[in-house]
Structure formats: structure tokens, C-alpha cells
Number of protein chains: 2
Amino acid sequence: MRSTGSRTASANKVDLTARLRAAGLRPTRQRIALGKLLFGPHDRHVTAESLHQEAVKVGAHLSLATVYNTLHQFTGAGLLRQVIVDGDKTYFDTNTGDHHHFYYEDEGLLADIPGDHVTIDGLPRPPSGTEIERVEVVVRLKARG
Amino acid sequence: MRSTGSRTASANKVDLTARLRAAGLRPTRQRIALGKLLFGPHDRHVTAESLHQEAVKVGAHLSLATVYNTLHQFTGAGLLRQVIVDGDKTYFDTNTGDHHHFYYEDEGLLADIPGDHVTIDGLPRPPSGTEIERVEVVVRLKARG
DNA sequence: CCAGCACTTTAGAACAATTCTAAGATGTTG
DNA sequence: CAACATCTTAGAATTGTTCTAAAGTGCTGG
Ligand SMILES: [Mn+2]
Ligand SMILES: [Mn+2]
Ligand SMILES: [Zn+2]
Ligand SMILES: [Zn+2]
């Protein structure tokens, strides 16, 4: 359903370069490094800090400010979306399609719930003058007692 | 359904004092002032900052640190719950029952969606070793284009 | 091929929300 | 009321994030 065939294959530099250009972003060393980490075979949920650490670990060296800039630019370009489930940090999600989340509160981890089979009934219609931008379901989990 | 009959009447000092004592909290001047603002006839969504300003406006004078302390103590006592919809600030909700939210992104305002009629189908069962603490639905609204 | 300009990166400062510290104030109890 | 535990609070500290402005890099027109 998602239109990005290249997402499922390991993201190579050519793909990324094209994707960045299409988004109006120059394919810089830093953006390509982050893109490789983000747009691999599986979807991911990262924070700026976690992605920065990961980038450093694979030898890319770039600043945390650049990670923030890049995450926001990718989000603006529709390559990422933000997920807000914790007051202390912002998560960025490579899955921009319709889906929901489990949130492991103890671990601070997100897991996708595909949107396909989830239905939400009985919601009131949006107040006049407004429209729905998105409906988000978060299932908060804790370790079984 | 909620067990707090006193919530619907204007919260008086006697009620609040009892409620605080029951929660193991001394009914101090500050906690009573905040309790009066919070536990009036309607449910409310506040931030520490908004509640502090409101308290100052009605002549109570207490520090922002006390507002934070009190909000957390009230939450621990089950008198409030937190709602996380914005990375920049935490909302506290006097409605501790089962319900969901509209979030006016432009305004930073929350409105309740009663839980009674909303049904969510097709959610996977929680991963083993975990249990669901709560299922939250947030309907993000934007001004109609 | 560049030169040259726009776009990027980044160190470090700045910010905003929240938490912490530790010292003085206040509620409660005998 | 004394005495102690509990509370409050100013101000410092922390954390996640954004901003600033200066140095670096990608791209294009000649
Ligand atoms: Mn914070
Ligand atoms: Mn913040
Ligand atoms: Zn996701
Ligand atoms: Zn609410």
C-alpha cells in the first residue's frame, strides 16, 4: 500500500540520494549516513539521541544538532513522523502509514500495531471549524505484575 | 460511574480536607487552593504553568515548584492523571475515568471524549509478559483548511 | 573545470519544562 | 504548646531541544 518500493530493500546510496533530492534536500554525507540507518529493511522508532549514538557507533561523525535538523527535515518531507508518548523525548517513526503503537513504559520502547485491522467506533465528529489530522491509539504496557 | 459524588458540587474546604487526608496528604493552604481550582464542578485539563498562573490570579501565592509537587502528589493519589499529547508540556486531567481526547494542536487545548461509546476493535493482544495499563485515543485536530 | 553562492553543519550558547536541594515554615499530635 | 514530621520554596541543576553565527560543502553557470 505504501508507495515506497525501495523501503523494503536495504537502502543504498543511489536510492537515498534520489529520495533526498526529490525532497529538495541535498544529499550530504550526514543525511546519507542517517538515511542509511533509518530507511533499512524494517521500520524503526528512534529518538535524536539514540540515532546520534548509533551514527557515532558506525563511524559517521556528525553533531547532535545535525541529527535534530535532519529528523525535522525528513519529517517535513514526509519520510518520518513524530510519535509523542513520553513527555521527556520525541520519537521519530519511519513508518508514516496509518498505524498505532504499543508503548512499553518501563523500557521506553515503541512497537507498531498495523492500522489495517484496528477500527475505532463511536468517536464524535470533529468540532465545527476543525478537521481531524490524525487519530492515534497508544496502548500503554507495563510488565505483567 | 465515578465514585466521587463531591466532585460535581463546588468543592468546599471540608470536602477537600477530607479528600487530602484520605490520600495521606496534609491539607495545607497551598494544596487546598489548588484543589479548589481543580476539583470544581467541571473536569479540567491544566499544565503546571497554567494552574500556577491561575492560582496567582486568585490571590493564592505559592511557588511553581509547589504546583509541580502537588500535581504529582494528586496524580499519585489517583485524583488526577497525566495526558501526554505534546512534547513540550505535560497536561494533568481531573477526569480520571475512562475517556479519550480531542487535541487542538494550534491552541494546545484538550477536550474530553467520553469513553462510554468509543470502542476499539482489532487490537492485537498485549505481548506476553506485559499487560495493558491503558488504551489512549487522541484525535488531533487542526483548524479547517 | 571551477568560482561563487546557496545550502549545511556544528560548537556552543540559549531556552523551556521539569526536578532537585536544602533551609525555613507549618500542620499535627500528645 | 512543644516537638517532630511534613511541606514549601528559592534558586540551582538537569534534560531535551532549539538557536546563532561562523566555517564547510554541494552544485551550477560560465
Ligand atoms: Mn523535559
Ligand atoms: Mn522540552
Ligand atoms: Zn510506528
Ligand atoms: Zn480528559
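Residue numbers begin at 1 in each chain, while the letters A, B, ... track the order of the sequences.
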Separation of C:dA17 atom C1' from B:Y91 atom OH, nearest Å, is 13 Å

For B:H99 and B:D43, does a side-chain donor sit closer than 3.5 Å to a side-chain acceptor? no

Can you tell me how far P of C:dT26 sits from CD1 of B:I32, to the nearest Å? 14 Å

Nucleotide N/O to protein N/O under 3.5 Å, stretch nucleotides 26-30 of chain D:
unit_1, atom_1, unit_2, atom_2, d
D:dC27, OP1, A:R21, NH2, 2.9

Using atom CG of A:D88 as one end and atom P of C:dA16 as the other, report the distance to the nearest whole Å. 18 Å

For B:R21, which residues count as a salt bridge (charged side-chain N to carboxylate O under 4.0 Å, His left out) partner, sequence neighbours excluded? none

Quick one: pull up CG in A:L80 and OG1 in A:T96 and give me the separation to the nearest 0.5 Å. 8.5 Å

Can A:D86 and A:Y103 be counted as having a side-chain donor-acceptor contact under 3.5 angstrom? yes

Please tell me which of the listed nucleotides, C:dT18, C:dT9, D:dG16, lies nearest to the side chain of A:Y68? D:dG16

To the nearest Å, how far apart are B:K89 NZ and D:dT17 P? 15 Å

Using a 4.0 Å heavy-atom cut-off across all strands, classify B:T90 as base, sugar-phosphate, or nothing. sugar-phosphate

The correct set of residues in residues 57-66 of chain A placing a heavy atom under 4.0 Å from DNA chain C is A:H61, A:L62, A:S63, A:A65, A:T66

Presence of A:Q30 side-chain N/O under 4.0 Å of C:dT10 phosphate oxygens OP1/OP2: yes

Pairs where residues 97-110 of chain B contributes a residue and the test salt bridge (charged side-chain N to carboxylate O under 4.0 Å, His left out) is met, not counting sequence neighbours: B:E105-B:R140

Atom CD of A:Q73 to atom P of C:dT9: distance rounded to whole Å? 7 Å

Between B:H45 and B:D112, is there a side-chain donor-acceptor contact under 3.5 Å, judged purely by atom types and distance? yes

Taking atom C1' of C:dT26 as reference, at what distance in whole Å does atom CG of B:L20 sit? 15 Å

Distance check needed: D:dC7 P versus B:R31 CZ, whole Å only. 4 Å

If you link ILVMFWY side chains whenever their heavy atoms are less than 4.5 Å apart, which other residues fall into the same cluster as A:V56? By chain and number, please. none

Could you list all the salt bridge (charged side-chain N to carboxylate O under 4.0 Å, His left out) pairs where at least one residue sits in residues 44-54 of chain A, not counting sequence neighbours? A:R44-A:E54

If you compare every side-chain N and O of A:H72 against the phosphate oxygens of D:dT17 (OP1, OP2), does one of them come in below 4.0 Å? no

The side chain of B:N69 is closest to which nucleotide in this list: D:dT17, D:dT8, C:dT9? D:dT8

Is it the case that the ring center of A:F92 lies less than 6.0 angstrom away from the ring center of A:H72? yes

Can you measure A:L71 atom CG to D:dT18 atom P for me and round it to whole angstrom units? 10 Å

